[in-house]
Amino acid sequence: MRRLALTLSILSLLLAISQSSESNEKFKIDGKVLELDESNFDSAISPSISSLLTSTPLGAVTLDAAAPGLAELKEPIVIAKVNADKYTRLASKYDVDGYPTLKIFMHGVPVDYYGPRKADLLVLYLRKFVAPDVAILSSDLAIKDFVEAAGTNFPIFIGFGMNETVISTLGLKYKKNAWFSVANDFSEDVMVRYDFDKVPALVVLHPSYNEQSIFYGPFEEKFLEDFIKQNFLPPAVPMNHDTLKILKHDERKIVLTIMEDESDEKSQKLIKLLKAAASANRDLVFGYVGLKQWEDFAETFGANKDSKLPKMVVWDGDEEYLSVIGLDSIEEEDQGSQITHFVEGYRKGQTIVKKVSGPSFMGFINSLIGIRTVYIIVFLVAMLMLIQSIGKEEPLRVGTRDQVDEVASSEAESSEYRPGDKQD
């Protein structure tokens, strides 16, 4: 069964084909999935073409369903596939050792793809990569249509009264992360709707979180870029696999609050206070997680059902985190002041260093091991069993007890699939 699954697994390639006759001759735009191999793969991801490479076993149904919708776009996208099990050189070249692994080729340069995989959402998501770097909006209706068409998968930046040239460079640089636009003509109703009272103003919307932030300058590139990078996620971030993938590129420390259930009334009040703290401390990320929502992640920081919650720590995604002396947990009264004191204590260095008890940042993102790793582990286990079965003397010891336990723990963790994880 494993061999069959690997053979059917494919590399899928979504290609944004230009309208030139040369491109049309190479890759026919007919709404069907193309077959690629090592002879034409490089031309398919050439710098003149934008593409998406994935090792995920999306399946023929998903690919076939998405292909017509992508081919009908103003700038059509063609889906192609190549057998990764057969053409192992390609899999090795692009570090494909597990499923799903997705990469977008923007002008021949690969970047990670974290978008949806269902056919309808795939079409909506990929429209972004053939859209203009910065959209120019000239009416209230154009603004409304732009926001609706952008969907909920990306943050939306709208520069009201801003010069296009101010944001064009950053729009190109961060196109994979967000939608960018400039609104030149709009009414006071729009100002009320998006809650800004002067121009120029850069408004960022987070549709999936129903959140927004506003930037009034200064509009020098450094300050503008800092604001954009700090607002790919809302002020207070729910911790899950998707947000961890985004945060792995963020160099800021994470002030993490662990609560019993992030959906209950008490937690919602606390989250509002975290948002206010995040707005006042832009150099930090404020994240939160409920023990009920992601128990394994919470336990990494010593939080469990017997712990006094809410609990706050500072984490940089590595194997250590910080507790502020005297402020390990938050009492119910005056939580805003306690959050302020926690941040002040952290900045003053009044902290204790502790070790995480589970995976690091990348460990949570890639907590399921790849195919080649599976083969290695299976081979080692088989060899150890063979050695133990043929000898009655003291068995050969490989590594320490902790290392053996770590391998066993890794195998146990890898058996549970989580969104965003690799799976063989």
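The structure presented is a predicted model; accordingly, all values stated were derived computationally and were not measured.
- Using a cutoff of 4.0 Å between basic side-chain nitrogens and carboxylate oxygens, Lys222 and Asp226 are scored as salt-bridged.
- Inter-residue side-chain proximity for Asn177 and Phe157 is flagged as unmet; no heavy-atom pair is nearer than 4.5 Å.
- In this structure, CD in Glu225 is found 13.5 Å from CD in Glu220, a value given to the nearest 0.5 Å.
- The minimum heavy-atom distance linking Ala131 with Trp179 is given by the pair CB-CZ3, 3.8 Å.
- Using a 4.5 Å heavy-atom cutoff, the side chains of Lys253 and Asp316 are in contact.
- Using modelled atom types, one side-chain atom of Ser187 and one backbone atom of Asp189 make a donor-acceptor pair closer than 3.5 Å.
- In this structure, Asp283 places its CG atom where more than 12 heavy-atom neighbours from other residues, nucleotides or ligands lie under 6.0 Å away.
- To the nearest 0.5 Å, atom CD of residue Glu299 and atom CG of residue Leu291 are 7.0 Å apart.
- Nearest heavy-atom pair, Glu148 versus Lys144, reported as atom, atom and distance to 0.1 Å: OE2-NZ, 2.8 Å.
- What you find for Phe196 and Ala201 is that their closest heavy atoms are CD1-CB, 4.1 Å.
- Using a 4.5 Å heavy-atom cutoff, the side chains of Asn231 and Glu211 are not in contact.
- For the pair Tyr216 (side chain) and Asp197 (backbone), a donor-acceptor distance under 3.5 Å is present.
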Test log, rule side-chain contact (heavy atoms from CB on, under 4.5 Å), inputs Val314 and Phe342: CA-CA 10 Å; Val314 179; Phe342 179 91; 3.6 Å; yes
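- Between Phe227 and Phe215, the ring-plane angle classifies as parallel under the 30° and 60° cut-offs.
- Asp145 places no side-chain N or O within donor-acceptor distance of the main-chain N or O of Ala142, the cut-off being under 3.5 Å.
- Counting only heavy atoms from C-beta outward, the side chains of Val190 and Phe160 approach each other to under 4.5 Å.
- Leu322 places a side-chain heavy atom less than 4.5 Å from the side chain of Val353.
- Atoms CG and CG, from Asp42 and Leu90 in turn, are 7.5 Å apart once rounded to the nearest 0.5 Å.
- Side-chain N or O atoms of Ser357 include one that pairs as donor or acceptor with a backbone N or O of Thr300 at under 3.5 Å.
- The aromatic rings of Phe301 and Phe297 lie perpendicular to each other, with more than 60° between the two planes, well past the 30° mark.
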Can Met259 and Asp264 be said to form a side-chain contact (heavy atoms from CB on, under 4.5 Å), step by step? CA-CA 10 Å; Met259 49 196 70; Asp264 66 26; over 6 Å; no
Could you walk me through whether Thr257 and Leu274 satisfy the side-chain contact (heavy atoms from CB on, under 4.5 Å) test, starting with their C-alpha distance in whole Å, then the side-chain angles of each, then the deciding distance to 0.1 Å, before giving a yes or no? CA-CA 9 Å; Thr257 301; Leu274 293 174; 3.6 Å; yes
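- Rounded to the nearest 0.5 angstrom, Thr152 OG1 and Leu205 CG are separated by 12.5 Å.
- Between Asp328 and Lys308 the shortest side-chain heavy-atom distance does not fall below 4.5 Å.
- In this structure, Ser213 and Arg282 approach most closely via the heavy-atom pair OG-NH2, 3.9 Å.
- Sparse packing is recorded around NZ of Lys269, with 12 or fewer heavy atoms of other residues, nucleotides or ligands lying under 6.0 Å away.
- Between Ile167 and Leu202 the shortest side-chain heavy-atom distance falls below 4.5 Å.
- Contact record, Gln212 with Val203: NE2-CG1, 4.1 Å, taken as the closest heavy-atom pair.
- You'll find the side chain of Met191 reaches within 4.5 Å of the side chain of Phe186, heavy atoms only.
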Kindly determine whether Tyr174 and Phe232 satisfy ring-ring contact (aromatic ring centres under 6.0 Å, His included), including the steps that lead there. CA-CA 10 Å; Tyr174 295 109; Phe232 289 142; 5.6 Å; yes
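- Considering every non-hydrogen atom in both Asp250 and Lys229, the closest pair reads OD2-O, 4.2 Å.
- Here the CD-CD1 distance, from Gln268 to Ile271, works out to 4.5 Å after rounding to the nearest 0.5 Å.
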What's the verdict on side-chain contact (heavy atoms from CB on, under 4.5 Å) for Arg347 and Asn281, showing C-alpha distance, side-chain angles and the deciding distance? CA-CA 11 Å; Arg347 295 193 186 282; Asn281 297 273; 3.1 Å; yes
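- To the nearest 0.5 Å, atoms CD (Glu188) and CG (Asp140) are separated by 11.0 Å.
- The number of heavy atoms from other shown groups lying within 6.0 Å of CD (Gln293) is above 12.
- Counting only distance, with no hydrogens or angles, the side chain of Ser92 and the backbone of Arg89 share no donor-acceptor pair below 3.5 Å.
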